[in-house]
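Heads up: the structure comes next, in structure tokens.
Just so it is clear: chains get the letters A, B, ... in the order the sequence lines come, proteins before strands, and each one is counted from 1.
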Amino acid sequence: MTEQEKPLNFIEKIIEADLASGKTKQVHTRFPPEPNGYLHIGHAKSICLNFGLAKKFGGVCNLRFDDTNPEKEDVEYVESIKRDVEWLGFKWEGDIHYTSDYFDQLYAWAVELIKADKAYVCHLNQEETREYRGSLKEAGKDSPYRNRTVEENLAEFEKMRAGEYEEGACALRVKIDMASPNMQLRDPIIYRIKKATHHQTGDKWCIYPSYDYAHGQGDAIEGITHSVCTLEFVEHRPLYEWFIENLPVPAKPKQYEFSRLNVNYTITSKRKLKQLVDENVVKDWDDPRMPTISGMRRRGYTPKSIRDFIDSTGVTKVDGVVDVSQLEFAVLEDLNEKAPRAMCVLNPLKVTLINYPIEETEYLTAPVHPQNEEMGTRTLIFTREIYIDKDDFREEANKKYKRLVKGKRVRLRNAYIIEADECVKDEKGEIIEVIARIIENTVGKNPEDGIKAKGVIQWVSAEHNVDCELRVYDRLFNEVAPDAGGKDFMESVNPESLKVLTGCKAEIALQDPVSDIPYQFEREGYYFLDSDAENDPEKGIENQKLIFNRTISLRDTWK
RNA sequence: UGGGACGUCGCCAAGUGGUAAGGCUCUGGGUUUUGAUCUCAGCAUGCGUAGGUUCGAACCCUACCGUCCCAGCCA
């Protein structure tokens with residue numbers, strides 16, 4: 001389906017109507033992460049949506065760090081977030097924004113709220129505040145500090161700002177309705193004391209605005225027209241609107257909510273992802289098994305495949321769980337089109353071609369991509385001794401087996417057809433070598449005797465090849481919903497999510513591997529050069545070896 | 001009867017009163033020097049359930065059922 005005929009999602013329809021009515025002149029969205037962790041596949045949806053909306057309707061999208069809680073945040077995260085957004089292929093409008101850029105304005109507006117008798121400093125401690133708030137079924141009751149005079153509130157708020165109170169001693173609350181059925185409206189706290197150093201503002205402030213107070217105003221200041229967030233903020237919308245109505249903001253942005261992206265066999269809770277790192281289940285946040293943007297990048301997923309996947313899932317208010325196969329499909333689809341092909345033997349088994357001259361070295365040409373000539377060709381070296389995969393030879397097999405069998409023929413991909421005569425075994429009975437013959441004149445043609453080969457297998461010269469390590473990944477969890485229903489997700493961790501294969505032999509073209517896109521190791525899968533491959537300090541210059549991460553295996557419908 | 005959001009194929013998802021798009025998965029066939037790709041075909045007499053309105057309902061009305069969210073000085 002082309003972009004034109006793809007039906008608009010509900011937010012796109014709203015925007016289209018706003019543009020048509022003239023309510024919106026130019027669409028302005030924003031991606032507003034809190035820099036308190038690494039971005040994951042769930043954030044990718046928000047990124048694609050916000051930047052995508054702007055692009056689709058000729059607008060712009062800001063990148064804003066919602067940094068109102070200094071204790072949890074760090075510049076390390078702002079850097080990684082910038083990198084991830086760029087890598088995904090998006091460009092934010094102008095400079096990067098920080099909610100902390102608006103702390104002065106937010107403070108001034110808070111003072112206005114106090115002057116209008118719409119906010120008060122409350123000295124209830126945390127526990128008391130909770131008790132006064134009531135419960136889901138019972139109304140709350142007014143704080144004893146709710147009716148202080150404006151002058152008193154102004155003075156108290158100034159003392160808060162000046163650092164005269166300890167953390168938790170008091171907070172600025174907005175006066176709405178302690179009996180509201182919407183818990184968010186029961187006099188929410190808009191400023192609290194935090195004597196922490198902020199990664200952007202340093203020690204300038206010891207009071208920080210809450211998300212609810214800061215977010216909408218930040219949107220208004222930046223001229224955001226459509227403030228898109230996830231469903232859990234639906235109940236915050238009346239609050240969002242309350243601030244916009246009660247403050248002299250320069251614009252009136254609107255909030256719209258969509259459902260989060262969930263993928264089965266995957267978790268996206270920041271806390272849980274951190275636990276995987278902390279408890280060494282994975283090596284780091286960018287471990288190729290992680291659902292983080294950086295993990296997927298290291299694994300070999302392309303930005304386009306992630307964008308396509310996100311597009312394929314749609315934007316709605318239904319909370320569902322997308323099947324990983326939908327993600328895998330997007331990866332396979334993009335990689336099939338772009339990945340250069342190569343041959344790599346995972347478990348080498350020597351094959352000696354007894355009718356091939358010992359000294360002979362033949363250079364064969366193969367396409368880099370069989371369906372795309374423009375990608376050019378590569379050179380293969382053919383010799384008397386080669387390696388094939390152990391799985392590709394059997395002494396006997398039924399006719400469903402299309403590989404090399406003793407007494408039968410097989411096509412060596414991009415090379416000769418060979419026929420196996422016998423095999424050599426070690427004392428344990430394991431096959432360690434196959435004795436075979438090439439069928440003359442079969443490069444690029446079928447045998448003159450008319451006896452064709454049933455299958456095709458990859459191979460590599462035993463003398464001319466590149467040794468490499470392959471890291472083969474499987475799903476991180478064995479459970480469809482690892483953290484559903486209060487389950488301990490750590491118990492469903494797949495103990496075999498990583499298998500390291502060493503001594504793998506790749507064709508010589510891999511001596512100088514490309515590092516921006518995975519290779520398709522034909523008949524095996526897509527493999528991406530690991531970013532650590534060339535600069536692992538432990539191994540030293542001489543011991544560097546090629547390390548490839550398996551991005552994803554090829555579809556295999558062989559039963 | 002706290003409030004709110006949501007229920008269309010195994011999974012996503014169009015559809016907004018005129019007789020159920022599409023994608024993923026799955027199944028079967030064809031092509032193929034990758035058991036890949038590509039290609040063809042199949043896959044909801046039914047839209048949470050039960051009533052009602054209507055010539056006609058996934059769409060409107062009523063009741064019920066189910067799932068998720070809200071009681072951080074987190075976002």
Q: Quick one: label Gly320(A) by what it contacts on the DNA or RNA (base, sugar-phosphate, nothing), any heavy atom closer than 4.0 Å.
A: sugar-phosphate
**Q.** Atom pair distance, as rounded to whole Å: CG in Leu239(A) and P in G4(B)
**A.** 16 Å
**Q.** U19(B) and U45(B), which share atom name C1', separated by this distance in whole Å
**A.** 11 Å
Q) What is the distance from CH2 of Trp205(A) to P of C73(B), rounded to the nearest Å? A) 21 Å
**Q.** Gap in Å between the two P atoms, one belonging to G3(B) and one to A14(B), rounded
**A.** 29 Å
Q.
If I take atom CG in residue Leu327(A) and atom C1' in nucleotide U25(B), what distance separates them, rounded to the nearest angstrom?
A. 14 Å
Q: By nearest nucleotide on RNA chain B, pick out whichever of Gln371(A) and Lys137(A) is the more 5' one.
A: Lys137(A)
Q.
Under the salt bridge (charged side-chain N to carboxylate O under 4.0 Å, His left out) test against Lys195(A), which residue among Glu167(A), Glu166(A), Glu164(A) passes?
A. Glu166(A)
(Q) Heavy atoms only, 4.0 Å cut-off, all strands: where does Val443(A) land among base, sugar-phosphate and nothing? (A) base
Q. Counting side-chain heavy atoms from C-beta on, which of C12(B), G4(B), G72(B) comes nearest to Arg133(A)?
A. G72(B)
(Q) Counting the atoms with a prime plus P, OP1 and OP2 as sugar-phosphate, which does Phe329(A) contact under 4.0 Å by heavy atoms, base, sugar-phosphate, or nothing? (A) sugar-phosphate
Q: Quickly work out the Asn69(A) CG to C74(B) P distance and round it to whole Å.
A: 6 Å
Q) Is Lys487(A) atom NZ crowded by more than 12 heavy atoms from other residues, nucleotides or ligands, each under 6.0 Å away? A) yes
Q | Proximal nucleotide (of G2(B), A71(B), U34(B)) relative to the Met183(A) side chain | A | A71(B)
Q. Where the side chain of Lys194(A) is concerned, which of G15(B), C74(B), A75(B) is the nearest nucleotide?
A. C74(B)
Q. Is a donor-acceptor contact shorter than 3.5 angstrom present between the side chain of Gln326(A) and the base of G23(B)?
A. yes
Q) Got Ser143(A) and Asp187(A) here, is their nearest side-chain heavy-atom distance under 4.5 Å? A) no
Q) What is the nucleic acid contact for Ser135(A), judged by heavy atoms within less than 4.0 Å: base, sugar-phosphate only, or nothing? A) base
(Q) By the definition salt bridge (charged side-chain N to carboxylate O under 4.0 Å, His left out), identify the one residue from Arg523(A), Arg413(A), Arg411(A), Lys402(A) that meets it with Asp392(A). (A) Arg523(A)
**Q.** Among A5(B), C68(B), G15(B), the one nearest Pro7(A) by side-chain distance
**A.** G15(B)
Q) Looking only at atom P, what distance separates U31(B) and A36(B), rounded to whole Å? A) 13 Å
(Q) In whole Å, I'd like the distance from the CD atom of Glu328(A) to the P atom of C12(B). (A) 16 Å
Q: Measure from CZ on Arg260(A) to C1' on C68(B) and round the result to the nearest Å.
A: 12 Å
Q: Classify the side chain of Arg403(A) and the base of G35(B) as holding, or not holding, a donor-acceptor pair under 3.5 Å.
A: yes
Q. Across the strands shown, which category fits Pro33(A) at heavy-atom distances under 4.0 angstrom: base, sugar-phosphate, nothing?
A. nothing
Q: Report the relative orientation of the aromatic rings in Phe548(A) and Tyr519(A); use parallel for angles under 30°, tilted for 30 to 60°, perpendicular for over 60°.
A: perpendicular
Q | Parallel, tilted or perpendicular, as decided by the 30° and 60° cut-offs, for the rings of Tyr416(A) and Phe382(A) | A | tilted
Q) Which whole number of Å gives the distance between the P atom of U16(B) and that of G7(B)? A) 15 Å
Q. Mind checking the P distance from C24(B) to C70(B)? Whole angstroms is fine.
A. 35 Å
Q: Would you check if the side chain of Trp459(A) reaches a backbone N or O of Ile386(A) as a donor-acceptor pair within less than 3.5 Å?
A: no
(Q) Need one value for Lys452(A): base, sugar-phosphate or nothing, where a base atom within 4.0 Å counts as base even if backbone is also close, heavy atoms only. (A) nothing
(Q) Measure NE2/His236(A) against P/C74(B) and give the value in whole Å, please. (A) 13 Å
Q. Taking atom C1' of C74(B) as reference, at what distance in whole Å does atom CG of Asp67(A) sit?
A. 14 Å
**Q.** P atoms of C12(B) and A57(B), separation to the nearest Å
**A.** 28 Å
Q) Partner of C64(B) by Watson-Crick or G-U wobble geometry, both contacts under 3.5 Å, or none? A) G48(B)
Q.
Considering every strand and a 4.0 Å limit on heavy-atom distances, what is the contact class for Arg341(A): base, sugar-phosphate, or nothing?
A. base
Q. Quick one: on RNA chain B, does Pro209(A) or Leu136(A) contact a more 5' nucleotide (nearest heavy atom)?
A. Leu136(A)
Q. U34(B) base to Gln520(A) side chain: any donor-acceptor pair below 3.5 Å?
A. yes
Q. Which part of the nucleic acid, if any, lies within contact of Leu185(A), taking any heavy atom under 4.0 Å across all strands shown: a base, the sugar-phosphate backbone alone, or nothing?
A. nothing
**Q.** Counter-base of G2(B), judged by Watson-Crick or G-U geometry with both distances under 3.5 Å
**A.** C70(B)
Q: Report the nucleotide, chosen from A21(B), A71(B), C70(B), that has the shortest atom-to-atom distance to any side-chain atom of Gln184(A).
A: C70(B)
Q: Just compare G2(B), A5(B), U25(B) and give me whichever is closest to any side-chain atom of Val234(A).
A: A5(B)
Q) For Gly444(A), which contact category applies under a 4.0 Å heavy-atom criterion: base, sugar-phosphate, or nothing? A) base
(Q) Taking the minimum atom-to-atom distance to the side chain of Val456(A), which one of G3(B), G35(B), A5(B) wins? (A) G35(B)
Q: Please say which of Leu261(A), Asn264(A), Ile41(A) ends up in a side chain to side chain contact (heavy atoms under 4.5 Å, CB included) with Val322(A).
A: Leu261(A)
Q: Looking at every strand, decide which applies to Glu235(A) at a 4.0 Å heavy-atom threshold: base, sugar-phosphate, or nothing.
A: base
Q: Go ahead and name the base partner of A41(B); Watson-Crick or wobble counts if both distances stay under 3.5 Å, otherwise write none.
A: U27(B)
**Q.** Watson-Crick or G-U counterpart of G35(B), or none if no pair lies under 3.5 Å
**A.** none
Q: Quick one: label Asn336(A) by what it contacts on the DNA or RNA (base, sugar-phosphate, nothing), any heavy atom closer than 4.0 Å.
A: sugar-phosphate
Q: Give Asp212(A) one of three labels, base, sugar-phosphate or nothing, depending on what nucleic acid heavy atoms sit under 4.0 Å from its own.
A: nothing
Q) For G72(B), is chi within 90° of 0 (syn) or not (anti)? A) syn
**Q.** Pairwise P distance, U39(B) and U25(B) [rounded to whole Å]
**A.** 14 Å
Q) What is the nucleic acid contact for Lys317(A), judged by heavy atoms within less than 4.0 Å: base, sugar-phosphate only, or nothing? A) sugar-phosphate
Q) Which word best sums up how the rings of Tyr145(A) and His123(A) line up, parallel for under 30°, tilted for 30 to 60°, or perpendicular for over 60°? A) tilted
**Q.** Base G2(B) to side chain Glu138(A), donor-acceptor N/O within 3.5 Å cut-off
**A.** no
Q | N/O donor-acceptor pair, side chain Arg411(A) with base U33(B), under 3.5 angstrom | A | yes
Q.
Need one value for Arg413(A): base, sugar-phosphate or nothing, where a base atom within 4.0 Å counts as base even if backbone is also close, heavy atoms only.
A. base
**Q.** Complementary nucleotide for C59(B) - Watson-Crick or wobble, under 3.5 Å
**A.** none
Q) Considering only the C1' atoms, how many Å lie between C61(B) and G28(B), rounded to the nearest integer? A) 46 Å
Q | Under 3.5 Å side-chain donor-acceptor pair for His97(A) and Tyr102(A) | A | yes
